[in-house]
Amino acid sequence: MKHSAWATAALAVSATLVIAACGSSTSSAPAAGSTSSSASASSTGSAATTAKFLGCMVTDTGGIDDRSFNASSWAGMQAAAAANSNITVKYLQSTTPSDYALNINTFLGEKCGIIVTVGFLMGPATEAAAKAHPSQKFAIVDCSYASGCLTGTKESNIDQLTYNTVQDGFVGGYLAAGMTKTGKVATFGGEDFGTVTIYMDGFWDGVQYYNSKHGTHVTVLGWNEQTQKGSFTGDFTNQTKGQTLTQTFISEGADIIFPVAGNVGLGAAKAVQDADAAAGSQKVNMFWVDTDGCTSAAQYCKYFITSVTKGIVPSVKTAVVSAENGTFTGGTYVGTLTNGGAVLSPYHDFASVVPASLQSELKTIEAGIENGTIATPTKSPV
């Protein structure tokens with residue numbers, strides 16, 4: 001299996017990110033001041049005032065320690081600083097959607113070389129700022145004109161970082177279907193966004209493809225790619241909702257759970273842990289999303305068969321470095337199986353548990369997706 005860029009870059013760049021991911025503060029970097037609406041931090045402390053190039057990042061409301069796309073975007077920022085000594089990076093944390101424009105404006109005043117915004121919800125604020133400041137470079141994670149996240153005239157100063165996660169979602173669904181003992185697996189989302197349901201589409205179709213190849217009848221709870229109906233907790237932060245919904249799926253017979261919900265997934269992991277403790281054996285397991293869960297939620301690693309990831313770290317790093325060295329062109333980056341931008345993480349504790357025959361099938365599936373002989377339909381635009 002191809003390795004997730006998250007684990008490699010996060011470990012190489014800074015051990016502090018991993019520490020922060022297990023805590024509840026924004027201490028993944030030394031404090032560099034704050035605003036009334038958000039926390040601020042810099043990866044290099046006082047160097048932020050003397051560096052020639054400043055890379056700035058605005059988080060979504062999930063926060064810098066969300067063990068998901070905010071945390072991995074920050075790892076990408078740090079990777080850029082580690083790769084180029086002329087770069088220093090800092091972030092502002094949004095606590096409510098009203099902070100998006102405020103934080104972007106704060107960074108505009110600080111003359112950032114590039115402003116990286118994180119998440120689908122930040123599209124309007126990013127687009128408005130890019131239009132008003134055409135010489136300012138921007139990058140946005142998980143958002144593009146093609147996905148409908150950006151809606152106006154295309155602004156050439158926005159680097160759109162997107163990930164075709166229907167591909168690794170499909171591979172993950174095939175894997176889940178091959179690993180289930182009960183014949184039932186489940187997935188759910190945080191909110192009903194295209195960047196969430198694209199994973200769920202791939203997962204559902206991967207299960208159906210396994211059924212067609214093996215004559216099985218594995219059922220997916222929580223989502224149907226054909227009807228686009230399924231289960232959502234309503235946010236990316238409420239772990240209790242994730243735990244409750246996962247408990248429901250487990251009671252209905254699901255033994256593999258795939259939450260596409262950021263920090264809400266920690267509640268799902270707790271439900272899996274509790275179910276296994278009650279059973280006296282490890283009968284229920286799960287997948288993590290966006291990042292390698294064994295790095296970003298290590299306390300639950302033993303329950304993660306794999307993680308269905310995005311190559312956020314290298315794509316953010318590239319955006320920042322290109323802005324510094326003068327090669328920034330805007331446009332759209334699409335992460336795929338082929339370029340390492342949408343892959344499954346290593347199996348970790350399950351390396352000897354996933355049958356060799358199934359691992360071989362997965363390699364064939366990946367090759368088929370890459371060469372176009374296996375279709376990965378999705379109603380969520382990339």
Side-chain angles (χ1 to χ4, degrees), residues 1-8 10-11 15 17-24 65-68 71-72 75 168-169 171-188 199 203 218 221-222 239-310 343-356 358-359 362:
M1 300 299 296
K2 298 175 182 175
H3 284 38
S4 163
W6 158 265
T8 302
L11 291 174
L17 178 65
V18 178
I19 295 169
C22 297
S24 58
D65 299 335
D66 68 346
R67 299 169 173 84
S68 186
S72 47
D168 52 344
V171 180
Y174 194 97
L175 170 61
M179 292 294 290
T180 179
K181 304 299 182 186
T182 64
K184 292 183 179 180
V185 299
T187 184
F188 68 88
Y199 276 117
F203 186 81
V218 177
L221 306 179
Q239 296 177 27
T240 299
K241 290 181 181 179
Q243 183 173 355
T244 300
L245 183 54
T246 299
Q247 287 169 339
T248 299
F249 288 140
I250 293 172
S251 70
E252 293 174 351
D255 63 348
I256 297 175
I257 314 295
F258 177 39
V260 187
N263 256 343
V264 172
L266 294 176
K270 184 63 169 64
V272 168
Q273 183 183 57
D274 289 348
D276 286 348
S281 62
Q282 197 162 323
K283 293 185 176 181
V284 182
N285 296 294
M286 63 182 290
F287 293 174
W288 194 247
V289 72
D290 288 340
T291 66
D292 186 339
C294 284
T295 298
S296 53
Q299 69 272 37
Y300 293 116
C301 181
K302 66 179 290 186
Y303 305 106
F304 299 147
I305 298 174
T306 189
S307 301
V308 187
T309 74
K310 296 175 180 175
V343 298
L344 297 188
S345 72
Y347 296 129
H348 297 291
D349 290 359
F350 285 83
S352 61
V353 179
V354 179
L358 180 55
Q359 294 192 42
L362 291 171

Quick check for you: to the nearest 0.5 Å, what is the distance between Leu221 atom CG and Phe249 atom CZ?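 Rounded to the nearest 0.5 Å, the CG-CZ separation comes out at 6.0 Å.
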With rounding to the nearest 0.5 Å, note down the distance linking SG in Cys301 to CG in Asp292.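 Reported value, rounded in 0.5 Å steps: 7.5 Å.
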Report yes or no: does [X] contribute a side-chain atom to a donor-acceptor pair with the main-chain N or O of [Y] at less than 3.5 Å?
X	Y	value
Ser345	Thr306	no
Gln359	Val354	yes
Thr180	Ala176	no
Ser68	Asp290	no
Asp255	Lys181	yes
Lys184	Glu252	yes
Thr309	Val343	yes

Measure across [X] and [Y] and return the closest heavy-atom pair with its distance rounded to 0.1 Å.
X	Y	result
Trp288	Gly293	CD1-CA, 3.5 Å
Tyr303	Val284	CD2-O, 4.3 Å
Ala269	Met286	CA-SD, 3.5 Å
Ala177	Val218	O-CG2, 3.9 Å

Are the side chains of [X] and [Y] in touch, meaning some heavy atoms are under 4.5 Å apart?
X	Y	answer
Val185	Phe287	no
Thr246	Lys270	no
Asn285	Met179	no
Phe188	Ile257	yes
Pro259	Val264	no
Lys283	Asp276	yes
Tyr300	Leu266	yes

Plane angle bin for Phe203 and Phe258 - parallel if under 30°, tilted between 30 and 60°, otherwise perpendicular: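 Ring orientation of Phe258 relative to Phe203: tilted.
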Stepwise, does the side chain to side chain contact (heavy atoms under 4.5 Å, CB included) test hold for Thr240 with Thr244? CA-CA 6 Å; Thr240 299; Thr244 300; 4.2 Å; yes
Would you say the side-chain atoms of Ser296 and Thr291 include a donor-acceptor pair closer than 3.5 Å?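 The answer is yes; a qualifying pair exists.
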